[in-house]
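Okay, structure first, notes after.
The chains referred to below are lettered A, B, ... by the order of the sequence lines, with proteins before strands, and numbering in each begins at 1. Treat the numbers as computed from the prediction; the structure is a model and nothing was measured.
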Amino acid sequence: MVWAVGYHDYIGRGRTMAQREISLCKVVCSELYGSTIGEVVAGMLAKGSLTLRDSCRRLNMKPSQVKNSLCVLIHQHIAGFKIGGDGLVYYTVNPSSILLRPRFPRYAMVIQRLYQDTGELIIEELLMKGELTGGELISRVRDRLIAEGNSGDLDSIRETFVDLVHTHFLRRCPAVSQTTPTAPVLLQQDTDSGFLVRDSDFTELNDRGVKRKFSGTPETKSPEDPSCWYINPDRFHQSLRDQLLVTVTTNAYGPIAGEIVQTVLRLSVTTVYRAASTEPISTHRVHAGLPGNTKSSVTMVTTYLNMMAEDPNSFVSRAGDDGGGMFSVNIKSGVQLLVRETLVTIVMERFGSKSARLFRLILEKGALDQKQIESIALLPPKETKQLLYQMFLESYVYLREIPRSSDRSPSRTLYYFSVDIQKVVRVALGHCYKTLLNLMLRREKEASDNRRLLDQGTKVDSIVEQLTQDNADPEQIQEVRNYLTPAEKVQLELLKKRLNAIQKAEVEVDETVFILSLYLEYLPIHGSS
Amino acid sequence: MLKNLESKKLIKAVTSVNQSKRKLYMLYNLTPDSSITGGAWYSADGFESEFVDVLNQQCYRFLKEKADGATNVENPIAKRNMQYASLLQVQKYITELGISKVALKVDDIEKILQTLIYDGKVESTIQASSRPAAECKFYRAVDSLLPSTGLMRTPCGICPVHRNCYPGGEVSPETCVYMTDWLNL
């Protein structure tokens with residue numbers, strides 16, 4: 001979990017930043033799975049790993065309630081279990097898994113672009129249910145396609161499913177290696193076996209596509225029985241990350257350069273997710289991989305690649321001279337560039353463009369005192385002081401005192417301003433989580449304040465749909481529609497517009513969360529240099 | 001006695017940039033060094049931020065027009081080279097505009113262009129050559145790489161009291177007036 005710990009955060013009513021993130025997890029889970037599960041999540045996050053008995057005691061709930069909640073959470077890959085040293089089973093809730101939920105609409109968008117409707121439905125079913133066997137998944141998708149009026153061709157759905165597994169978007173759940181009296185022990189999966197499809201995965205579907213009931217008991221489940229599949233978040237994040245890098249390249253060098261970088265990233269998509277850079281690829285391979293309708297000449301591709309490689313601010317680098325020039329995309333620099341630009345945008349919108357100038361200046365130079373900053377940024381002393389201290393109050397800028405005399409008198413102390421990117425990223429991330437929480441709470445309030453209106457609207461819509469399906473009289477349908485007065489209809493429309501606006505904003509805030517947490521993920525692996 | 005010398009036009013008073021109340025005196029026909037007057041940005045009233053802003057905008061406009069003029073070139077490297085302007089060219093343009101009372105040296109223009117770089121509007125490069133330094137530094141107007149980010153499109157991103165905001169408090173998401181305004185737009 002990327003905990004965002006702030007240093008100068010004002011604590012309102014005893015709420016620290018960690019408590020706020022627990023509230024956020026609770027609200028997310030309550031909305032998706034119900035308030036009981038929300039309570040369980042909040043209680044377990046506050047304490048860490050708990051046995052079943054301890055969690056019942058802490059949460060003041062019946063064991064059956066806690067058991068059911070844990071079942072759902074484990075199924076959704078939010079909670080995990082482990083056999084502790086004392087032989088008891090400890091359950092832990094994973095907050096980063098919960099905080100992926102706001103990003104689910106974007107996962108669906110990624111798949112819709114690559115695999116159209118069939119792929120999107122497959123992913124949607126898995127996002128809702130957590131884990132499904134191959135057969136169950138395919139039959140559900142087929143039912144949904146038929147309900148929408150499309151033909152539910154089993155073979156094409158199965159093909160899309162296999163494609164999704166081979167491109168690592170879906171992953172097999174770990175199998176049980178042994179069943180002890182307390183808890184099953186899961187097989188440690190190596191990276192490749194999770195992405196292979198076997199024929200036995202579809203034994204639930206017989207020739208007519210009807211699901212056969214699984215007749216065995218859990219103990220008699222053999223390794224050949226169909227196992228469950230779940231989504232692989234890392235692969236989706238790789239796709240989103242690559243999209244961002246391509247956008248930045250297009251903004252800097254033009255659409256052709258964007259296509260080139262996209263091709264390089266696509267050709268190296270099966271390398272390790274958190275690699276610092278892609279494998280070197282030759283110009284000829286890039287040229288061959290470009291999309292057919294916009295193919296540029298080999299010389300043009302080489303020119304663009306050379307231009308990007310020579311620019312010190314870009315993240316394409318030259319790796320050799322064979323094959324017309326070998327180039328690779330330095331993902332670590334790309335991520336650092338993304339984060340830097342995001343932070344500068346945040347500073348500019350929050351504190352003004354002059355502050356953004358100061359922020360960029362201090363970022364580049366390291367540590368400066370106020371006079372030096374004034375003379376380079378060409379701003380009057382009063383304004384500089386005001387902007388710097390405003391940013392300092394919100395922890396975007398770090399102040400270091402270097403006393404020159406032993407009594408540390410202010411007139412003989414040097415005050416140096418610097419920017420610590422890691423710290424600013426955490427501050428901004430905490431701000432994002434708070435915003436997300438605020439938006440969700442506001443959406444809940446708007447919905448609950450107008451509960452009656454919303455319920456009436458849903459009732460009218462469902463009756464109208466039923467009547468339309470039964471080919472009823474148009475007059476009857478119009479009568480049902482008139483259950484709502486015109487004023488109520490207008491109110492309902494406005495309410496729906498407001499709720500949609502808040503939901504859209506939640507997805508947008510998640511965009512910022514994604515970039516910032518990407519940086520923090522890369523930090524322990526590749527350092528900050 | 002000082003007044004006597006002043007009226008005879010042998011010495012003159014000079015205000016220091018440190019705004020000290022002390023008056024400094026200097027021989028009449030000498031010009032004070034920039035460390036006392038503060039350079040081109042300081043006048044009798046102190047730091048001239050408006051002047052700096054005007055110069056900032058004019059330099060950016062010059063570079064932006066040059067960059068926009070190079071649109072029909074296929075080769076990306078040739079297109080870039082057309083968009084670049086040397087430090088000397090920028091200085092000549094500003095001097096010809098005549099907006100400055102004092103003569104602006106190449107160093108001063110370089111400082112203005114550096115602030116534009118920190119604004120993220122301009123990038124610079126250096127081409128090694130045997131010419132004088134002012135003809136080796138090149139500048140080009142650029143667009144921002146990431147124009148906006150999701151957090152700042154919500155009212156909470158720019159809220160001045162977000163640190164005092166919590167559910168059930170005086171400032172809370174449920175009663176937030178900024179959110180109400182934003183939703184009713």
Side-chain angles (χ1 to χ4, degrees), chain A residues 9-10 12-13 15 20 23 247-248 251-254 256-257 300 303-304 306-307 313 337-338 341-342 344-346 349-350 353 356-358 360-361 364 376-381 383 394 428 431-432 434-435 437-439 441-442 445-446 497-498 501-502 505 507-513 515, chain B residues 38-39 41 46-49 52-53 55-56 74-80 108 111-112 114-121 123 125 142-160 162-169 171-176 179-180 182-185:
Chain A
D9 194 27
Y10 172 81
R13 275 261 180 96
R15 280 179 149 250
R20 192 166 55 221
S23 299
T247 312
V248 166
N251 286 344
Y253 301 103
I256 302 182
M300 186 65 92
T303 318
Y304 267 104
N306 276 321
M307 182 175 76
N313 292 333
L337 179 69
L338 278 171
E341 289 299 311
T342 307
V344 170
T345 317
I346 293 178
E349 303 265 354
R350 202 171 163 74
S353 48
R357 189 193 287 182
L358 297 178
R360 268 214 185 91
L361 164 59
E364 194 187 297
I376 302 180
L378 296 182
L379 289 173
E383 200 178 344
E394 305 230 1
H431 196 171
C432 287
K434 181 164 189 178
T435 308
L437 177 62
N438 286 351
L439 289 169
L441 287 174
R442 180 59 179 239
K445 174 125 197 307
E446 293 267 339
K497 217 175 80 162
R498 285 207 299 273
I502 302 182
V507 176
E508 288 184 352
V509 170
D510 181 70
E511 280 175 25
T512 316
V513 168
I515 299 180
Chain B
W41 320 124
F47 185 79
E48 294 250 333
S49 49
V52 171
D53 280 338
L55 282 176
N56 195 301
E74 276 289 320
N75 187 330
I77 296 193
K79 183 170 169 181
R80 282 210 145 183
D108 298 326
K111 285 217 178 91
I112 295 273
Q114 189 64 35
T115 66
L116 277 170
I117 295 178
Y118 289 127
D119 280 337
K121 294 187 178 148
E123 69 165 21
T125 186
V142 288
D143 295 319
S144 62
L145 290 177
L146 262 186
S148 74
T149 185
L151 172 66
M152 305 318 277
R153 288 181 235 138
T154 64
C156 299
I158 44 180
C159 174
H162 84 278
R163 289 149 129 249
N164 301 354
C165 171
Y166 54 89
V171 180
S172 78
E174 291 95 348
T175 57
C176 177
M179 277 219 195
T180 316
W182 172 65
L183 287 172
N184 290 335
L185 265 176

### Task
Please look at A:Leu379 and chain B and tell me whether the side chain, the backbone, both or neither of the residue comes under 4.5 angstrom of a heavy atom of that chain.
backbone
### Query
At a heavy-atom separation under 4.5 Å, does B:Thr115 approach chain A through its side chain, its backbone, both, or neither?
both
### Task
May I ask you to decide if B:Thr149's main-chain N or O and A:Thr345's side chain share a donor-acceptor pair within less than 3.5 Å?
no
### Summary
Interface check, chain B: of A:Val509, A:Val513, A:Asn251, A:Asn438, most non-hydrogen pairs under 4.5 Å belong to A:Asn438
### Message
Working note: A:Val344 + A:Arg360, criterion side chain to side chain contact (heavy atoms under 4.5 Å, CB included); need CA distance, chi angles, decisive distance, verdict.
### Response
CA-CA 7 Å; A:Val344 170; A:Arg360 268 214 185 91; 3.6 Å; yes
## Note on the structure
The salt bridge (charged side-chain N to carboxylate O under 4.0 Å, His left out) partners of B:Asp143 (sequence neighbours excluded) come to none
### Message
So for B:Thr125, is it side chain, backbone, both, or neither that comes closer than 4.5 Å to the heavy atoms of chain A?
### Response
neither
### Query
Is the backbone of B:Cys159 close enough, under 3.5 Å, to the side chain of A:Arg350 for a donor and an acceptor to pair up by distance?
yes
### Summary
Bottom line for A:Ala356: the part with an atom under 4.5 Å from chain B's heavy atoms is backbone
### Task
Tell me, for A:Ala252 versus chain B, whether the close heavy atoms (under 4.5 Å) come from the side chain, the backbone, both or neither.
both
### Message
Does any backbone or side-chain atom of A:Glu349 lie under 4.5 Å from a heavy atom of chain B? Answer side chain, backbone, both or neither.
### Response
both
### Message
For A:Arg442, is there an ion pair with A:Glu446 - N to carboxylate O distance below 4.0 angstrom?
### Response
yes
### Query
chain A: which of B:Thr175, B:Asp53, B:Val142, B:Asp119 shares the most heavy-atom pairs with it under 4.5 Å?
B:Asp119
### Summary
Greatest number of non-hydrogen atom pairs under 4.5 angstrom with chain A, of B:Cys156, B:Ser144, B:Ser148, B:Pro155, falls to B:Cys156
### Message
Quick check for you: to the nearest 0.5 Å, what is the distance between A:Ile515 atom CD1 and A:Leu337 atom CG?
### Response
10.5 Å
### Query
Does any heavy atom of chain A fall under 4.5 Å from the side chain of B:Val52, the backbone, both, or neither of them?
side chain
### Query
Excluding sequence neighbours, so at least two apart, what forms salt bridge (charged side-chain N to carboxylate O under 4.0 Å, His left out) with A:Lys445?
A:Asp449
### Message
Under a 4.5 Å cutoff for heavy-atom pairs, which residue among A:Thr303, A:Thr247, A:Ile346 has the most contacts with chain B?
### Response
A:Ile346
### Rounded distance [0.5 Å steps], CG in A:Leu439 versus CE in B:Met179
4.5 Å
### Rounded distance (nearest 0.5 Å) linking atom CZ of A:Arg357 with atom OH of B:Tyr118
11.0 Å
### Contacting region of A:Ile256 [heavy-atom separation from chain B under 4.5 Å]
neither
### Task
Would you give the length of the straight line joining atom CG of A:Leu358 to atom OG of A:Ser353, rounded to the nearest 0.5 angstrom?
10.0 Å
### Message
Using heavy-atom distances under 4.5 Å, tell me whether A:Glu364 contacts chain B through its side chain, its backbone, both, or neither.
### Response
side chain
### Query
Given that the side chain runs from C-beta out, which part of B:Cys165 has a heavy atom under 4.5 Å from chain A: side chain, backbone, both or neither?
both
### Query
chain A heavy atoms under 4.5 Å from B:Leu116: which part of the residue, side chain, backbone, both or neither?
neither
### Message
If we define contacts as heavy-atom pairs under 4.5 Å, which of A:Pro380, A:Gly254, A:Ala257 has the most with chain B?
### Response
A:Pro380
## Note on the structure
Counting heavy-atom pairs under 4.5 Å with chain A, the top scorer among B:Lys111, B:Arg80, B:Glu123 is B:Arg80
### Task
With the side chain counted from C-beta on, respond yes when A:Arg498 and B:Asn184 share a heavy-atom pair under 4.5 Å apart, and no when they do not.
yes
### Query
What part of A:Thr435 is in contact with chain B, defined as an atom under 4.5 angstrom from a non-hydrogen atom: side chain, backbone, both or neither?
both
